[in-house]
Amino acid sequence: MEKRKMIIIDIDYITNNDKAVVRLFGKTKGEKEGQHIIALDETFEPYLYVQPKGDIEKCIDQIEEKIEPKNIVKVEMKDFQIKKQFLKVFFNHPQDVPQKRDTLRGLECVSNIREHDIPFYRRYLIDNDLFPMGVVEVEGELIDSYPTITSEDKSLEIMKLNHSPKMVDNSYQSFSILSFDLEVYNPKGMPDSSKDEIIMIGAASNTGIAKVISTKGEDLDFVETVPTEKDMIESFVNLIKENNFDIIVGYNSDNFDFPYLRDRAKILGVDLDLGMDGSSLKFLRRGYTNAATLKGLIHVDLYLVMRRYMNLDRYTLERVYLELFGEEKIDVPGDKIYQYWDSDSEPLNQLFDYSLDDTVSTLKIAEQTLPINLELTRVVGQPFFDITRMATGQQAEWYLVRKAFEIDEIVPNKPTGQEFRNRKHASNVGGYVKEPEVGLHENLVQFDFRSLYPSLIISKNISPDVLYREDGSLDNIATDIGSVDEEDYYISPEHHYMFKKFPIGFIPSVIGNVLDERVRIKAKMKKSTDYTERMMFDVQQQALKRLANTMYGVYGYSRFRWYSFECAQAITAWGRENIKNAMKYAENYGFYAIYADTDGFYCKYRPDGLTEEDLKARRE
DNA sequence: CAGAAACGGGG
DNA sequence: GTGTACGTTTCTG
């Protein structure tokens, strides 16, 4: 039996002898540091929850008869904080869950099924308290080969685990990043991969690589010149294989660079077997688009990340780079690339500079923006690949799913198609806005609330599990309006929604913990004397701030499992009330707001008690 | 006017 | 694959 410490880079499962086997792709820490390792866990079983109706024993019999599950266990779980009996139904294979859940839902003894749509690898991470990009300890037998693993990498270790891994370190780790960028011959506008060849492959890494692979450019020191396009691709593949990178980044590489590389490699007969297990480049269908994936080498498309990271009118590489670093990039007009390539003189050299510059810029953007995404991975606990492609609402949701598991709360189901459409129609009123008074103002005083919405969620206990409902569906809250003591509730302005003061709602308690943790990290940051450590704490606290701020908007996000239009309305209504009260309070001291938006305002000192409007009226 | 379709990024 | 983006703008009937 052997022990290893490894960083979990990636996770999936495969089927071996009709059983699901979880594969953890990682690199070793400590002993044999930096080597690739694949850990195999055959011990985890898929399951869902059934909310039974009527006699529970009869229900167990009926389920056993109809769907022949692996096992059924009676469990007590909290559903919106109310303890209930559920049946935890185990299956032989993850794919049995979607196959059998409709039958299960249709049984007369089944009132509802829950947690039936949580992907197997996510369930594995949550239930075993594992966080990707953190260090785990694994224990088991080292084996020479395993089905589905075809890598020829001699230093790759394959370990069959005796039990699930244990998290030993979820602190910041550093990762090697490769950025790449293709330039393509394009005489007819956008290139056609069946005809137009790749002319340059740029590669830059945070380990010191900065080069362009091409069939031209012999006299340039950063260019590796090879005879053919096929050699270019092979050289690029070898570069990746030899360097054990953790992360590969591109700009719009899901939609351009990787599909193009795949098409050209196929035509030229080059294997793109870049996966840690020896598997090839694959494309995952994600909605209407594809995501390029390599097993154990995380592909991040920075275009997707940047769209969430900053708010711009456009997200071209040039625009994003200018915004982040305040510098213009070298520019070659896209439709002229083939002319530069054909020129064989100064324009050709400019094209090489451009290729390298695009690649290096992409790397710089990655170094700037990936740390916060790595932090979110460490907090949310889902794979880095997924985090970089998730909407922030989804990040918040998976964080909550994990938190729910920790306290035996059963997770609400995702909305059905119809529920989703209904939610789309609901439109909430936003924050209070006072249009700015036109003119040049001097001596302004600024006021703003710190994290207004997250604070309101906590202070007013805004959460769907403590919201009074007339139908009595939450029987720990109240049975009928007659038994309600208003003293026990926070009542929202305008709509008069009632949130019970105790117990603390699930979401307020989670946000509270996030904000408390942020305060602790900010304190550590202040104390620290080491610059790098301070920067690390700063990224951590920023990630937590992002998560807390996401959580208020998410009540109105129509795919959200904890969606609550009432909560969304109550938050903004209380927000409007608060800012208006603050403005009124300021007026008592002679400060008049000339502009206000949601959580803050600017005001002018006018001891004579006249507002700008009064003065304007007087002038007219 | 509402619902469908296209678009973004990339060369 | 315990799956199927997303929000906005432009087009079309």
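Only a predicted model underlies this, so the values are computations on that prediction, with no experimental measurement involved. Every chain is numbered from 1 and lettered A, B, ... according to where its sequence line falls, protein lines coming before strand lines.
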Carboxylate-amine/guanidinium proximity below 4.0 Å for [X] and [Y]:
| X | Y | answer |
| --- | --- | --- |
| A:R23 | A:D12 | yes |
| A:R123 | A:E115 | yes |
| A:R101 | A:D117 | no |

Have a look at [X] and say if it touches a base, only the backbone sugar-phosphate, or nothing, with a 4.0 Å heavy-atom cut-off.
| X | result |
| --- | --- |
| A:Y340 | nothing |
| A:L304 | nothing |
| A:R319 | nothing |
| A:Y47 | base |
| A:L48 | nothing |
| A:Y315 | sugar-phosphate |
| A:R122 | nothing |
| A:D181 | sugar-phosphate |
| A:E115 | base |
| A:G189 | base |
| A:K424 | sugar-phosphate |

Side chain of [X] - closest among [options]:
| X | options | value |
| --- | --- | --- |
| A:R285 | C:dT4, C:dG1, C:dA5 | C:dT4 |
| A:P119 | C:dT2, C:dG1, C:dC6 | C:dT2 |
| A:M190 | C:dT4, B:dG10, C:dT2 | B:dG10 |
| A:I337 | B:dG9, B:dG11, C:dG7 | B:dG11 |
| A:E318 | C:dT2, C:dC6, B:dG10 | B:dG10 |
| A:Q95 | C:dA5, C:dG1, B:dG11 | C:dG1 |
| A:E183 | B:dG11, B:dG10, C:dG3 | B:dG11 |

Tell me the interatomic distance from A:Y13, atom OH, to C:dT2, atom P, rounded to whole angstroms.
4 Å
A:N252 has an atom CG; how far is it from atom P of B:dG11, in whole Å?
8 Å
Side-chain N,O (A:Y557) to OP1/OP2 (C:dC6) below 4.0 Å
yes
According to a strict under-4.0 Å criterion, is A:R101 in side-chain N/O contact with OP1 or OP2 of C:dG3?
yes
Decide if the gap between the ring center of A:F283 and the ring center of A:F258 is smaller than 6.0 angstrom.
no
Over 12 non-hydrogen atoms of neighbours within 6.0 angstrom of CD in A:E419
yes
Distance-only donor-acceptor test (3.5 Å): side chain A:R307, base B:dG8:
yes
